[in-house]
Amino acid sequence: MPIDLKNTTCALWLPKDYDLTLITEVVDSIKGNIISVARKNLLVGLSDVIIFVDEENIDEHFFNDETLLDKLEKLNLFIVIVGTTKKLRRIPPQVQFISKPIISKKQVLVIIEIWQRYRQNLNKRELALTVKLNRLFFIYHKLFEGEYLYIDDIMKMASVTKRTILRDLKTLRDVLVTKEITFDEEKRAYIMADIKK
């Protein structure tokens with residue numbers, strides 16, 4: 001699936017004399033928006049933005065802000081440090097570097113594509129986790145209600161393999177330490193022991 005770069009917002013915290021031509025041309029070409037910021041606290045207040053920051057604006061305490069780190073981790077913000085030296089230690093993995101001065105539009109576009117790819121992967125992981133949790137809750141509810149759990153039924157309903165269902169059952173067994181999930185040979189189905197209907 002192609003990466004949709006439209007409506008990308010770029011925040012710039014760069015010197016007033018910095019040549020913004022290449023960044024502007026790239027953002028215009030993808031129908032994005034550009035905003036300018038002048039202080040760190042304005043960056044922290046942003047969301048869903050890629051930020052180009054001059055390395056001179058970053059000090060050793062820059063990434064000590066919990067809100068900023070949280071937004072970086074959730075990919076609500078993506079910081080690109082524009083500079084010639086990687087002088088800082090303990091930089092979060094979501095932070096990228098681009099050399100100063102920026103000499104080609106491709107450099108800027110590659111950075112924006114990296115951010116969008118990260119976001120797409122995050123969305124896929126969140127969706128996969130949601131699907132798995134829904135399946136686990138369904139299995140748990142069925143067993144807790146004292147019903148028999150037939151693997152074939154769950155496989156058809158959830159479009160997953162037998163191996164996936166068995167892993168789900170193992171997860172539930174690991175979590176539900178006071179309950180026992182057993183296999184009824186006669187019914188060829190799983191049941192939660194000691195559940196009264």
Inset, instruction - For D184, enumerate each residue passing the side chain to side chain contact (heavy atoms under 4.5 Å, CB included) test, keeping only those at least two apart in sequence or located in another chain. - result: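 Counting only residues at least two positions away or on another chain, D184 forms a side chain to side chain contact (heavy atoms under 4.5 Å, CB included) with Y148, E186, K187.
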Legend entry - Qualifying residues under side chain to side chain contact (heavy atoms under 4.5 Å, CB included), relative to T182, sequence neighbours excluded: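 Partners of T182 by the side chain to side chain contact (heavy atoms under 4.5 Å, CB included) criterion, ordered by chain and then number, come out as E180, I191.
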Inset, instruction - Output yes when D152 and K156 qualify as a salt bridge under the 4.0 Å nitrogen-oxygen rule, no when they do not. - result: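 No, this pair does not count.
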Inset, instruction - Output yes when R188 and E185 qualify as a salt bridge under the 4.0 Å nitrogen-oxygen rule, no when they do not. - result: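 Judged by the 4.0 Å cut-off on N to carboxylate O distance, R188 and E185 do form a salt bridge.
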Inset, instruction - Please lay out, stage by stage, how V53 and V82 fare under the test side chain to side chain contact (heavy atoms under 4.5 Å, CB included). - result: CA-CA 6 Å; V53 183; V82 182; over 6 Å; no
Legend entry - Hydrophobic cluster identity match, M157 and L169, side-chain contacts under 4.5 Å: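 M157 clusters together with L169.
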Counting C-beta onward and ignoring hydrogens, is there a side-chain heavy-atom pair between [X] and [Y] closer than 4.5 Å?
X: L166; Y: K170; answer: no
X: I114; Y: Q96; answer: yes
X: I58; Y: I81; answer: yes
X: L149; Y: F183; answer: no
X: F52; Y: I79; answer: no
X: L77; Y: V49; answer: yes
X: I30; Y: I112; answer: yes
X: T8; Y: I50; answer: yes

Nearest 0.5 Å, please: how far is [atom2] in [Y] from [atom1] in [X]?
X: I154; Y: S159; atom1: CD1; atom2: OG; result: 11.5 Å
X: M192; Y: I139; atom1: CE; atom2: CD1; result: 10.5 Å
X: E60; Y: N64; atom1: CD; atom2: CG; result: 8.5 Å
X: L68; Y: F63; atom1: CG; atom2: CZ; result: 6.5 Å
X: D168; Y: F137; atom1: CG; atom2: CZ; result: 12.0 Å
X: I98; Y: I23; atom1: CD1; atom2: CD1; result: 7.0 Å

Check residues 34-46 and write down every donor-acceptor pair under 3.5 Å in which the side-chain atom is one partner and the other belongs to a residue at least two apart or another chain.
unit_1: R39; atom_1: NE; unit_2: N41; atom_2: OD1; d: 3.2
unit_1: K40; atom_1: NZ; unit_2: F62; atom_2: O; d: 2.6

[X] versus [Y], closest heavy-atom pair with distance:
X: E55; Y: G83; result: CD-CA, 3.5 Å
X: S99; Y: Q107; result: OG-NE2, 3.3 Å
X: P101; Y: Y18; result: CA-OH, 3.8 Å
X: I181; Y: Y190; result: CG2-CD2, 4.1 Å

Inset, instruction - Just say parallel, tilted or perpendicular for the rings of Y118 and F78, cut-offs at 30° and 60°. - result: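 Taking F78 first and then Y118, their aromatic rings stand perpendicular (interplane angle over 60°).
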Inset, instruction - Begin from the C-alpha positions of V26 and L22 and carry the test side chain to side chain contact (heavy atoms under 4.5 Å, CB included) through to its verdict. - result: CA-CA 6 Å; V26 169; L22 295 177; 5.6 Å; no
Inset, instruction - Would you tell me whether T161 and T164 have side-chain atoms, one donor and one acceptor, within less than 3.5 Å of each other? - result: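 The criterion, which ignores hydrogens and geometry beyond distance, is satisfied for T164 and T161.
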Legend entry - E73/L69 under side chain to side chain contact (heavy atoms under 4.5 Å, CB included): CA gap, chis, key distance, verdict: CA-CA 6 Å; E73 190 174 306; L69 288 175; over 6 Å; no
